[in-house]
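Each remark here refers to the structure printed beneath this line.
Residue numbering restarts at 1 for every chain, and letters A, B, ... go by the order of the sequence lines.
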Protein chains: 4
Amino acid sequence: MSKSRVPGRPRSEKSREAILDAAFALLVERGWAGFALEAVAATAGAGKTTIYRWWKTKADLAVDAFFHATEEELRFPDTGTARGDFEAQIIELAALLTGARGRALAEMLGAARTDPSLGKALAERWLAPRRRWGYERMARAAASGELAPGVAPGPALALLYSPVYTPLLFGGETPGPEQIKAILDLACSAIFQGQAPQGSPDPTG
Amino acid sequence: MSKSRVPGRPRSEKSREAILDAAFALLVERGWAGFALEAVAATAGAGKTTIYRWWKTKADLAVDAFFHATEEELRFPDTGTARGDFEAQIIELAALLTGARGRALAEMLGAARTDPSLGKALAERWLAPRRRWGYERMARAAASGELAPGVAPGPALALLYSPVYTPLLFGGETPGPEQIKAILDLACSAIFQGQAPQGSPDPTG
Amino acid sequence: MSKSRVPGRPRSEKSREAILDAAFALLVERGWAGFALEAVAATAGAGKTTIYRWWKTKADLAVDAFFHATEEELRFPDTGTARGDFEAQIIELAALLTGARGRALAEMLGAARTDPSLGKALAERWLAPRRRWGYERMARAAASGELAPGVAPGPALALLYSPVYTPLLFGGETPGPEQIKAILDLACSAIFQGQAPQGSPDPTG
Amino acid sequence: MSKSRVPGRPRSEKSREAILDAAFALLVERGWAGFALEAVAATAGAGKTTIYRWWKTKADLAVDAFFHATEEELRFPDTGTARGDFEAQIIELAALLTGARGRALAEMLGAARTDPSLGKALAERWLAPRRRWGYERMARAAASGELAPGVAPGPALALLYSPVYTPLLFGGETPGPEQIKAILDLACSAIFQGQAPQGSPDPTG
DNA sequence: GACTAAACGAGACGGTACGTCATGTCTTGGG
DNA sequence: CCCAAGACATGACGTACCGTCTCGTTTAGTC
């Protein structure tokens with residue numbers, strides 16, 4: 001069996017990397033608004049044709065470049081309790097959204113309302129996996145009796161994640177870690193059984 | 001006590017109205033992305049110069065046009081209790097954000113991350129008054145003992161409003177009224193003293 | 001009475017000249033094949049929009065630029081006899097077609113077969129007036145009995161002018177003045193009555 | 001008597017033919033302007049590499065394809081008299097230049113001014129043999145006393161052939177057979193001794 | 001009733017980026 | 001060593017708005 005089935009010159013991995021790197025750099029430096037394909041092509045030493053060959057839209061490239069550089073940082077934690085897992089993940093998320101990378105993602109999330117292709121790309125690469133994990137973790141929490149009585153997973157997830165995202169819509173003041181912690185504590189007090197996560201994780205009472 | 005101090009032709013009120021109307025119509029019809037000043041000028045029968053004379057930026061015009069047509073609908077309610085007031089206001093807000101006008105506002109909020117002038121305009125006209133009212137109402141709630149012990153106003157407001165805004169960042173599915181109600185109930189259960197205002201608030205399943 | 005009827009900012013004569021000059025320079029320097037509108041716009045310090053506003057096609061601009069710089073040189077002579085007029089005009093024409101300008105015109109004439117807009121522009125600006133003059137002069141020659149018996153104007157004009165144009169189709173060797181003179185003499189001997197125009201310029205051997 | 005001297009895979013005759021056929025078809029159908037190597041390769045089922053391996057330039061291929069399909073039609077006639085030979089050849093030439101093939105050749109001749117490789121290829125394949133034959137035939141005519149006194153071969157050939165080529169430079173109206181005949185008669189009356197070959201050549205009006 | 005001066009409509013201006021196209025070169029695996 | 005397939009960098013294309021500019025024309029209040 002041969003290494004490859006298709007005839008013709010194979011895709012240049014070097015070019016792919018150069019494009020993704022240039023795209024990510026430009027995205028972080030100039031934001032989505034200044035994300036010009038012409039500039040990406042120029043600094044990557046690539047032709048625009050090559051970009052359009054592999055990425056259907058500007059949005060696809062931006063999202064791909066963003067996650068090519070970022071994705072591995074976002075792991076779904078496993079602390080033993082649902083509350084611990086959610087808190088850990090949300091704090092990590094808040095950290096990501098703060099800083100240069102966060103600006104880029106925020107701008108893309110914002111522009112997604114206007115650009116459907118961007119919306120679709122982000123939904124696939126960003127939202128869907130996180131939503132999937134959230135619902136699944138919430139189901140496990142329900143099964144193990146960690147949720148307060150009457151708490152449905154949808155509203156619970158909305159309450160947990162929204163406060164991290166909302167600042168992306170408004171001015172610059174992304175909430176700092178203590179603020180995030182305070183909001184999370186308040187949300188968790190409504191969602192989970194018992195007290196704070198560490199120490200006695202499941203103090204029945 | 002003359003009619004006017006300044007010499008020269010006075011500003012044309014007719015032109016101002018025509019521009020604001022055309023701008024609002026275009027904004028609602030085409031969204032922020034399709035909001036072209038050239039089109040506004042053309043349908044208003046105005047010159048671009050006139051627009052730039054009175055509005056510093058495209059964003060200023062869009063925001064001004066939006067609130068010129070919308071603002072009066074948004075009143076701050078007075079139901080007697082803090083929980084009632086917040087619930088009423090948030091439900092009204094959610095209703096506004098659903099529909100054509102909502103799309104326009106959502107797109108503007110999203111684009112604000114990219115366009116500083118838009119951000120500034122929206123912060124002044126939209127965010128600031130609501131934030132002011134929210135903090136003030138929260139302070140009165142604290143004074144009257146309506147808040148659960150240990151609840152700070154910042155996190156409480158974040159928890160209440162964020163779930164309404166966050167969907168603007170993601171795909172089309174704005175939460176319906178029941179969903180909003182469910183989320184609100186959950187949030188309020190952490191923030192306010194006592195039970196839900198009407199009937200049996202927490203129908204255990 | 002006002003100077004102008006139309007409202008709006010008037011066309012910039014400076015810009016028009018700059019564009020025509022840049023276009024002509026580029027055309028002469030690089031030929032039709034290298035005649036890029038982007039380069040014209042850049043060296044003229046003009047926007048591409050401005051060019052497209054005033055010239056429907058690349059061909060229109062090229063032809064306009066060419067004749068803006070060249071036209072005045074081509075006057076229709078008046079020597080007293082038809083043979084003298086045609087000879088003078090054709091020699092002048094041959095001189096024009098030799099040299100840098102000639103190359104540009106030759107390339108345009110050649111490319112006209114491929115590019116209809118170029119063909120149309122050249123037909124209007126180049127061919128039509130010359131054809132008109134040729135037929136009209138030929139008619140006067142017939143009326144004054146200068147033509148040999150049985151000579152129709154169409155074939156006569158074809159015989160006179162074709163030898164100057166045909167070299168444009170083939171390689172570089174444009175015929176020199178003496179060659180042109182020899183061909184002209186041969187053609188004239190078939191077309192016109194009697195001997196050579198002035199004195200005895202052509203000592204028959 | 002081995003099958004082949006050179007090592008490696010021998011050139012595919014099948015591929016050569018397919019490429020020439022596809023090239024000619026495309027040339028006739030779309031003209032020189034629409035003659036895209038990519039399309040040739042695609043419809044020939046060949047790789048672009050193969051084309052560039054065997055034909056140095058696009059022009060070489062086009063010219064080769066054109067004459068591969070056309071050349072044999074153009075024979076040099078032998079009617080007994082120089083005038084008869086030239087007339088026959090020029091009329092055949094005019095016929096060739098009218099019609100689909102003619103369009104292709106005309107476009108190539110036109111584009112040759114712009115594309116040196118095309119010029120060179122056409123000069124070699126088209127112009128040179130015809131020029132050679134013309135001068136040689138003219139020399140024989142001179143030797144046999146068929147030329148009018150004082151007629152040099154260069155100007156004579158220019159007068160005979162130019163009127164057929166010149167229309168290629170201008171609009172669509174290629175001259176019809178009678179027009180060609182009339183021009184030829186006029187030219188021949190200056191070049192050749194005695195009267196026209198058939199009938200009454202000079203119908204005085 | 002003439003003068004002054006700013007606002008007005010219209011639209012031309014220099015730019016920037018868009019997404020598409022064909023060119024001629026290159027890089028594979030297979031024959 | 002040839003072949004097909006097709007990816008690659010390049011560079012121009014014609015389009016769409018941007019925010020600025022320059023006109024000649026209103027439309028008032030002041031002299």
Measuring only between side-chain heavy atoms, which start at C-beta, is [X] closer than 4.5 Å to [Y]?
X        : Y        : result
C:Trp54  : C:Ile19  : no
B:Leu122 : B:Leu118 : yes
A:Lys58  : A:Trp32  : yes
A:Leu105 : A:Trp126 : yes

Nearest 0.5 Å, what's the [atom1]-[atom2] distance between [X] and [Y]?
X        : Y        : atom1 : atom2 : result
A:Leu20  : A:Leu27  : CG    : CG    : 11.5 Å
D:Glu124 : D:Asp60  : CD    : CG    : 8.0 Å
A:Arg30  : A:Arg103 : CZ    : CZ    : 10.0 Å
D:Asp64  : D:Thr57  : CG    : OG1   : 10.5 Å
B:Leu168 : B:Glu107 : CG    : CD    : 10.5 Å
B:Phe35  : B:Phe24  : CZ    : CZ    : 11.0 Å

Residue set satisfying salt bridge (Lys or Arg N to Asp or Glu O under 4.0 Å) with B:Glu17, at least two apart, ordered chain then number -> none
Taking only residues two or more places apart in sequence, or in another chain, which ones meet A:Arg53 in a salt bridge (Lys or Arg N to Asp or Glu O under 4.0 Å)? none
Can you see whether B:Trp55 has B:Arg11 sitting over its ring - NZ or CZ less than 6.0 Å from the centre and within 45° of the normal? yes
Quick one: [X] [atom1] to [N] [atom2], roughly how many Å, whole number?
X        : N      : atom1 : atom2 : answer
B:Leu61  : F:dG19 : CG    : P     : 11 Å
B:Glu13  : F:dA28 : CD    : C1'   : 16 Å
C:Asp115 : F:dC13 : CG    : C1'   : 13 Å
B:Arg16  : E:dG9  : CZ    : P     : 14 Å
D:Ile51  : F:dC2  : CD1   : P     : 16 Å
A:Trp54  : F:dA9  : CH2   : P     : 12 Å
D:Asp60  : E:dT23 : CG    : C1'   : 16 Å
B:Trp55  : F:dG19 : CH2   : C1'   : 16 Å

Once base and sugar-phosphate atoms are separated, protein heavy atoms under 4.0 Å mark nucleotides 17-22 of chain E, 5' to 3', with B, S and - as SBBBBB
In degrees, rounded to 10°, what is the bend between the two ends of the helix from E:dG1-F:dC31 to E:dG31-F:dC1, using five pairs at each? 10°
List, with names and distances, any nitrogen or oxygen atoms from the protein found under 3.5 Å away from nitrogen or oxygen atoms belonging to nucleotides 1-6 of chain E.
unit_1: E:dA6; atom_1: N3; unit_2: B:Arg9; atom_2: N; d: 3.4

Hey, which of these two, A:Gly45 or B:Thr57, hits DNA chain F nearer its 5' end, going by closest nucleotide? A:Gly45
Quick check: on DNA chain E, is the nucleotide nearest D:Lys56 upstream (toward 5') of the one nearest B:Ser15, or the reverse? Name the residue that is more 5'. B:Ser15
If you compare all heavy atoms of A:Phe66 against all heavy atoms of A:Ala104, which two are closest, and at what distance to 0.1 Å? CE1-CB, 4.2 Å
Looking at DNA chain E, which of residues 104-111 of chain C put a heavy atom within less than 4.0 Å of it? none
Is A:Ser12 near enough to F:dA7 that one of its side-chain N or O atoms lies under 4.0 angstrom from OP1 or OP2? no
What nucleic acid atoms does B:Ala46 come within less than 4.0 Å of, heavy atoms only: base, sugar-phosphate, or nothing? sugar-phosphate
